[in-house]
Amino acid sequence: QVQLVESGGGLVQPGGSLRLSCAASRIISTIYTMGWYRQAPGSERELVAVIANDGSTNYGDSVKGRFTISRDGAKNTVYLQMNSLKPEDTAVYYCNRRDYGLGSADYWGQGTQVTVSS
């Protein structure tokens, strides 16, 4: 099965920055989205940011203007630049890839901890 490998999490002070990456072992579908969801302790999983095969993006309301999602030329790796981090951004961030059409599937990474604290 497709595997998603995440990296870049850690501890950062409020106002700081982190950059997450997620690499897919392979991309099968030509129509897909890829990005991150997060889950804080005691909270529901929520959208952070995703990017589609055509380059279009979608951000959660709480991160708009602070986070930026991008992808490399090979389209198998995505990056999340997280700026102006707040304590409420503290969560486990899970990379996700969803393939559409033939071979539709939903894949999740192992998660990476982001902690924003002074």
Side-chain angles (χ1 to χ4, degrees):
Q1 289 289 303
V2 172
Q3 294 187 1
L4 304 176
V5 179
E6 301 179 57
S7 63
L11 174 65
V12 65
Q13 293 185 330
S17 298
L18 286 173
R19 185 174 176 85
L20 305 183
S21 65
C22 178
S25 59
R26 60 195 297 224
I27 295 178
I28 299 174
S29 178
T30 58
I31 303 175
Y32 66 89
T33 59
M34 191 168 173
W36 280 267
Y37 292 75
R38 69 187 183 188
Q39 187 168 18
S43 300
E44 294 288 316
R45 183 185 66 184
E46 65 177 358
L47 169 71
V48 179
V50 296
I51 187 167
N53 54 277
D54 64 359
S56 61
T57 58
N58 191 30
Y59 293 91
D61 289 340
S62 64
V63 307
K64 289 179 179 177
R66 299 188 298 121
F67 293 7
T68 303
I69 190 168
S70 61
R71 66 185 182 187
D72 66 11
K75 302 179 181 180
N76 65 337
T77 303
V78 295
Y79 305 92
L80 184 68
Q81 180 65 46
M82 309 165 65
N83 296 329
S84 302
L85 284 162
K86 305 174 181 179
E88 50 263 47
D89 295 317
T90 296
V92 177
Y93 286 67
Y94 295 94
C95 184
N96 170 264
R97 196 188 86 206
R98 175 163 290 179
D99 294 337
Y100 297 88
L102 296 177
S104 62
D106 203 17
Y107 303 99
W108 293 93
Q110 79 281 4
T112 186
Q113 177 70 48
V114 172
T115 302
V116 184
S117 176
S118 59

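Positions are given from 1 along the sequence.
Partners of A105 according to the side-chain contact (heavy atoms from CB on, under 4.5 Å) rule, which considers only residues two or more places apart in sequence or in another chain, are Y107. Among residues two or more places apart in sequence or in another chain, the side chain to side chain donor-acceptor pair (under 3.5 Å) test is passed with R45 by none. Taking the salt bridge (Lys or Arg N to Asp or Glu O under 4.0 Å) definition, one finds that D106 meets it with R98, sequence neighbours left out. A search for side chain to side chain donor-acceptor pair (under 3.5 Å) contacts involving S62 returns R38, not counting sequence neighbours. Not a single side chain to side chain donor-acceptor pair (under 3.5 Å) links S84 to another residue, sequence neighbours left out. In this view, T57 satisfies the side chain to side chain donor-acceptor pair (under 3.5 Å) rule with no residue, not counting sequence neighbours. Under the ring pair (Phe, Tyr, Trp, His ring centres under 6.0 Å) criterion, Y37 pairs with W108, sequence neighbours left out.
Using a 4.5 Å cut-off on side-chain heavy atoms (C-beta onward), Y94 and L4 make no contact. In this structure the side chain of N58 never reaches within 4.5 angstrom of the side chain of T33, judged on heavy atoms.
Residues in residues 52-92 take part in no ring-ring contact (aromatic ring centres under 6.0 Å, His included) pair, two or more places apart or across chains. Residue pairs satisfying the salt bridge (charged side-chain N to carboxylate O under 4.0 Å, His left out) criterion with at least one member in residues 51-67, sequence neighbours excluded, are listed as follows: D61-K64, R66-D89.
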Going through the distances and angles, do V116 and E88 end up as a side-chain contact (heavy atoms from CB on, under 4.5 Å)?
CA-CA 8 Å; V116 184; E88 50 263 47; over 6 Å; no

For residues 22-32, which side-chain N or O atoms pair as donor and acceptor with protein atoms under 3.5 Å away, sequence neighbours left out?
from	atom 1	to	atom 2	distance (Å)
S25	OG	Q3	N	3.0
S29	OG	I31	N	3.1
S29	OG	I31	O	2.8
S29	OG	Y100	O	3.0
Y32	OH	R71	NH1	3.4

Under 3.5 Å, side-chain donor or acceptor atoms of residues 10-19 against the rest of the protein: list the pairs with distances, not counting sequence neighbours.
from	atom 1	to	atom 2	distance (Å)
S17	OG	N83	OD1	2.8
R19	NH1	Q81	OE1	3.3

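Q110 places a side-chain N or O within 3.5 Å of a backbone atom of E6 that can act as its donor or acceptor partner.
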